[in-house]
Protein chains: 2
Amino acid sequence: MTQPPKRPLTLRDVSDACGVSEMTVSRVLRKRGDVSEATRRRVLAAAKELGYVPNQIAGSLASQRVNLVAVIIPSLSNMVFPEVLNGVNQVLEDTPLQPVVGVTDYMPEKEERVLYEMLSWRPSGVIIAGLEHSDATRAMLKNAGIPVVEIMDVDGRPIDAMVGISHRRAGQEMAKAILKEGYEHIGFMGTKMPLDHRARKRFEGFTEGLAKAGIEIEDRAFYSGGSALAKGREMTQDMLERSPELDFLYYSNDMIGAGGLLYLIDQGIDIPGQIGLAGFNNVELLQGLPRQLATMDACRLEIGQAAARIILNDTLDEPDPDLQTQITLTPTLSLGDTLRRNRKV
Amino acid sequence: MTQPPKRPLTLRDVSDACGVSEMTVSRVLRKRGDVSEATRRRVLAAAKELGYVPNQIAGSLASQRVNLVAVIIPSLSNMVFPEVLNGVNQVLEDTPLQPVVGVTDYMPEKEERVLYEMLSWRPSGVIIAGLEHSDATRAMLKNAGIPVVEIMDVDGRPIDAMVGISHRRAGQEMAKAILKEGYEHIGFMGTKMPLDHRARKRFEGFTEGLAKAGIEIEDRAFYSGGSALAKGREMTQDMLERSPELDFLYYSNDMIGAGGLLYLIDQGIDIPGQIGLAGFNNVELLQGLPRQLATMDACRLEIGQAAARIILNDTLDEPDPDLQTQITLTPTLSLGDTLRRNRKV
DNA sequence: GTGAAAGCGCTAACAC
DNA sequence: GTGTTAGCGCTTTCAC
């Protein structure tokens, strides 16, 4: 780098600096077409010397191709979506594609805005959480003319591609597992989020699963805001004071479940003998608690990977025509230490 | 929306649809200049009817202005950076600016790559974690011709603007607080990350702080990978078996600190009487533990906000010339329940 | 293997 | 208030 330029450098500057046409410089920088080794080296040297950074805005406009993948998720702080992003990143790592993340805070209007802004960059594909969207959002997605992968959930009809698990099914499975261990008096705690459709579906599946055995949830509570761990603690205390007959607590996520677990340990309550517990998500972060909370993983990493693969495939010169675009993954139940009343050891 | 178009719509399509020049359509869509209310409505109606989404690629190229802010951070899973992003988002929320996040995984070469890719989109500014960068990275940052805010840390010389705390100072303060409570046999646990400069500086500050009182760390351990909570648990057990004389454990982050805390509670050890504990970061997530871990907050939200404000100011028609661009924030120490041996209640 | 011309979809600047 | 012209910095296409 000779001198800090005030105006961003252009291809032209590199061209001038090494006496080669802009076109050839462009070819070298994009590693396309045949360029003699000699000129290639000269160009590269000049570009480096000047500190040239290509202008993708101009490049994308000219080539009509943008190597961006829009990833639209409800939240970052949640522990679940960063893991999905990791999956996406892993797959796109050594490709020209780059993920760009937008966050909706579980708000449909914000989802609409964020999508609109992302589409205005003409990305190569969209990965978006959930199957429930506003009409406007669905319309944009349909008309964008690019691959759209709806992720996390498969209980519904996708616009295009879909990768996820059945949360309804997950709730049912958990109900079955709990009943199998002989628990009968069941309480539920979750987020007060009418817009978290996946949590809702899990809850519905759960009650359905119980209903098959003629059992109903005996108490329930919902929270919003605050530290999930603290909320789990408080809510558990409240619920047990209110409904001391309960012998199982199902939490809509691992964090509040962990709060409950810590509270019960504090109280010296026998887990899972007197009371059993389960959460959802298999949050790695929680390994290291005094007991392992029973949970179900949501296949977050795999979902991110599969979604990215679908988008990627579509940008390939020869896309794999057999690549599945509607993928249902199966969550694994971990009994941990809090859901095995009938220990047979 | 009448029909799903195969080719993305252009201004021209809207122009045709409502019998108004492209230029006027453009003005309406960008809410610029004077347009009669009547035509304004016609244009808006047509655009909505067609489902037109503007092409920012073309727009940015023409206007030579890109409303993107590059935010480059080491990690997403860390709990600390999502909070910084929240701060950035809050400030940019109702502005034309949009953050775009890149993750480096604490790797200088990746930082270089990510920055290069982001700069190729010609963003309006860069927010980047840390003051330590490769020569190439520094050169790119210097020559980019846009505002650069280095965040998190102030122990060093910034390229341009800087917002953060002194981690060295934070370590010293913690040492002082610990000594003041009468602890004398101190162990340290942290990540094995030669590239986490802020953790390193905290550690250095900490040992300096102890040294002033003629005290040295008596044991130390470093980990990498895995669940921090579990690691904290294991490492604490190991360290106390190895060095049973220790009466204080300082952890480089709250998560391993929490693991240690849970382990010690398990063991029925008197906290903070027999052993005191402290972490770093003031992670909200941990509220709800049986005891509150002593910690120091890193002003993550404020850092994100201040950094965003600096970039934003620069894009304004009339920037505030007095806006501070080198900001040192002061972390707050929370004693919690694990650092008050000399209780005076 | 290299270069020249055209144009991607929009906006700045100016004319009316 | 509205339209016209030129051109942003690249890549596509085609000529040599």
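These numbers come from a predicted model, not from an experiment.
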Counting N and O atoms only, with roles assigned by atom type, does the side chain of [X] sit under 3.5 Å from a partner on the main chain of [Y], one being a donor and the other an acceptor?
X: A:S63; Y: A:G59; result: yes
X: A:S15; Y: A:V20; result: yes
X: B:D13; Y: B:T10; result: yes
X: A:S60; Y: A:Q56; result: yes

Would you say [X] places a side-chain N or O within less than 4.0 Å of OP1 or OP2 belonging to [N]?
X: B:S21; N: D:dT4; value: no
X: A:Y52; N: D:dG9; value: no
X: A:S36; N: C:dG1; value: no
X: B:T24; N: D:dG3; value: yes
X: B:Q64; N: C:dC10; value: no

In terms of side-chain heavy atoms of A:L11, which of D:dT11, C:dT11, C:dT2 is nearest? D:dT11
Expressed in angstrom and rounded to an integer, what is the separation of A:E22 atom CD from C:dT2 atom C1'? 14 Å
Please write out each protein N/O paired with an N/O of nucleotides 12-16 of chain D under 3.5 Å, distance rounded to 0.1 Å.
unit_1 : atom_1 : unit_2 : atom_2 : d
D:dT12 : OP1    : A:R65  : NH2    : 2.9
D:dT12 : OP2    : A:R30  : NH1    : 3.2

Using the salt bridge (charged side-chain N to carboxylate O under 4.0 Å, His left out) rule, collect all pairs that involve residues 147-163 of chain A, keeping only residues at least two apart or in two chains. A:D153-A:K201
Which pairs pass salt bridge (charged side-chain N to carboxylate O under 4.0 Å, His left out) with one or both residues in residues 302-328 of chain A, sequence neighbours excluded? none
What contact category does B:N55 fall into here, base, sugar-phosphate, or nothing, at under 4.0 angstrom with non-hydrogen atoms? sugar-phosphate
What are the residues of residues 118-126 of chain B, sorted by number, that bring a heavy atom to within less than 4.0 Å of DNA chain D? none
Under the side-chain contact (heavy atoms from CB on, under 4.5 Å) rule, collect the residues that match up with A:V114, sequence neighbours excluded. A:I72, A:K110, A:M118
Through what angle, rounded to 10 degrees, does the axis of the helix from C:dG1-D:dC16 to C:dC16-D:dG1 turn between its ends, using five pairs per end? 30°
Quick test of your reading of the model: are B:E109 and B:R113 salt-bridged, counting only N-O distances below 4.0 Å? no
